[in-house]
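Written below as structure tokens is the structure these notes are about.
Whatever order the structure lists them in is the order used to number ligands and atoms, beginning at 1.
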Amino acid sequence: MAERIDGKAVAADVRAEVTDAVSTLKADHGLTPGLAVVLVGDDPASKVYVANKGRQTVEVGMASFEHKLPAETSEADLLALVATLNADPAVHGILVQMPLPDHIDSDAVVMAIDPAKDVDGLHPENAGRLVLGQPGLVPCTPQGSVILAKRALGASLSGLDALVVGRSILVGKPVSLLLQNENCTVTMAHSRTRDLADHCRRADLLVAAVGRPEMIKGEWIKPGACVIDVGINRVPAPEKGDGKTKLVGDVDFDAAEAVAGSITPVPGGVGPMTIACLLANTVVAAARQAGVPVPDLVL
Ligand code: NDP
């Protein structure tokens, strides 16, 4: 039976490190890292994410700046707010909650964020730095996924055969780059991949980031492999009552748990790591902007 990788516990460890780093920055340099989160519209899921980000930002001792704008906000007004935040010395990280309303060009907004404050790691400069293996700001969910794999497999992933299923800019591509930087031999699978099962069977480390409920079957998993399931899918749960739903990952958890060496549950696996890594990125961004030593977060 696989070890369950406890994302909540690892995220708590990361937040504890961030808390220590923030108090050191305050004590040694009079620096309080600040994170600005911008929400446009009132998408219920986005509101919950933004509230959680704000609460956790304050809990680790950082300054939280929340900007809630109406859904009809123009692109020009949003870009003007981003420019103000770029220029604000109290703000070290800027996150614009996605998705944005259809009339706003998300790419234009991401491009407008100062790359030094792009704690979501989505600006092309940070994406390029990741490709080049240079220090930048790394997207949070991919970073969290790799941290969990390292916790499960020991610090070194060197030489492992890794399979990343999904090649999105948000998750799959950055995960594959991070794993290459960890000296894994990385294969990327996507919707046109032939015989996905065969690729899965060869993977010591399998990262699923597809968005299709339980599509990766237990019998595809290499015995003893580490399985990181990034997928979050809401499906009907008639066993909980009429009209009820539940969250499942991209991996058939029960069957995979019987074969794998370690596996992340959904929920409670990768999900909690995203905000923890966002906070860590904000600390790193603040230290770099202030020109003081970057805290040694074990990420
Ligand atoms: P996208 O829809 O952007 O990308 C999905 C990827 O899966 C694409 O590359 C697609 O291939 C590939 N794919 C689709 N169908 C298949 C298939 N049958 N076989 C193999 N590959 C396939 O999704 P995201 O990357 O944004 O998100 C993936 C999942 O991760 C979602 O469930 C999302 O909710 C979750 N997620 C979780 C986060 C968290 O934990 N905090 C954060 C972000 C995402 P192709 O490129 O060929 O179309």
Side-chain angles (χ1 to χ4, degrees), residues 5-12 14-15 37 43-53 56 95-100 106-107 110 119-122 127 130 138-149 151 162-179 186-203 206-217 220-221 227-235 245-253 256 263-281 299:
I5 305 169
D6 185 346
K8 281 188 196 164
V10 180
V14 173
R15 285 197 303 275
V37 178
D43 174 65
S46 294
K47 272 178 156 172
V48 172
Y49 291 143
V50 167
N52 284 340
K53 284 168 186 167
Q56 293 189 30
L95 182 139
V96 179
Q97 184 67 44
M98 302 290 170
L100 289 168
S106 306
D107 288 345
V110 170
V119 282
D120 232 359
L122 297 178
L130 185 56
V138 175
C140 304
T141 301
Q143 195 178 0
S145 303
V146 173
I147 292 170
L148 292 182
R151 288 285 177 118
L163 175 70
V164 182
V165 190
R167 57 176 167 181
S168 73
I169 298 293
L170 196 61
V171 189
K173 278 205 178 81
V175 167
S176 76
L177 290 164
L178 287 169
L179 292 177
V186 182
T187 303
M188 291 187 74
H190 44 75
S191 65
R192 315 294 168 86
T193 296
R194 274 180 282 169
D195 203 349
L196 180 61
D198 188 51
H199 286 285
C200 290
R201 286 192 186 100
R202 278 183 272 124
L206 190 154
V207 181
V210 182
R212 288 178 180 256
E214 300 178 330
M215 69 161 278
I216 294 178
K217 305 302 172 201
W220 299 0
I221 307 291
V227 178
I228 305 292
D229 191 350
V230 185
I232 302 176
N233 309 287
R234 190 163 282 285
V235 297
T245 60
K246 63 178 177 182
L247 294 179
V248 297
D250 291 341
V251 178
D252 179 356
F253 183 85
I263 185 167
T264 57
V266 177
V270 174
M273 294 299 290
T274 300
I275 298 181
C277 290
L278 175 73
L279 301 174
N281 273 352
L299 292 179

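- Counting heavy-atom neighbours within 6.0 Å of R212 CZ, excluding the residue itself, gives a total of 12 or less.
- Within 6.0 Å of NZ on K8 lie no more than 12 heavy atoms contributed by other residues, nucleotides or ligands.
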Can I get a per-line list of side-chain donor-acceptor pairs under 3.5 Å for residues 186-194, giving both atom names and the distance, sequence neighbours left out?
{"from": "H190", "atom 1": "ND1", "to": "R192", "atom 2": "N", "distance (Å)": "3.2"}
{"from": "T193", "atom 1": "OG1", "to": "H190", "atom 2": "N", "distance (Å)": "2.7"}
{"from": "T193", "atom 1": "OG1", "to": "H190", "atom 2": "O", "distance (Å)": "3.1"}

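- Closer than 4.0 angstrom to ligand 1 lie heavy atoms from T141, V165, G166, R167, S168, L170, V171, H190, S191, A209, V210, G211, R212, M215, V230, G231, I232, N233, V270, G271, T274.
- Here N233 pairs with D250 under the side chain to side chain donor-acceptor pair (under 3.5 Å) rule; sequence neighbours left out.
- Between the T264 side chain and the D229 main chain, a donor and an acceptor come within less than 3.5 Å of each other.
- Residues passing the side chain to side chain contact (heavy atoms under 4.5 Å, CB included) test with V48, sequence neighbours excluded: N52.
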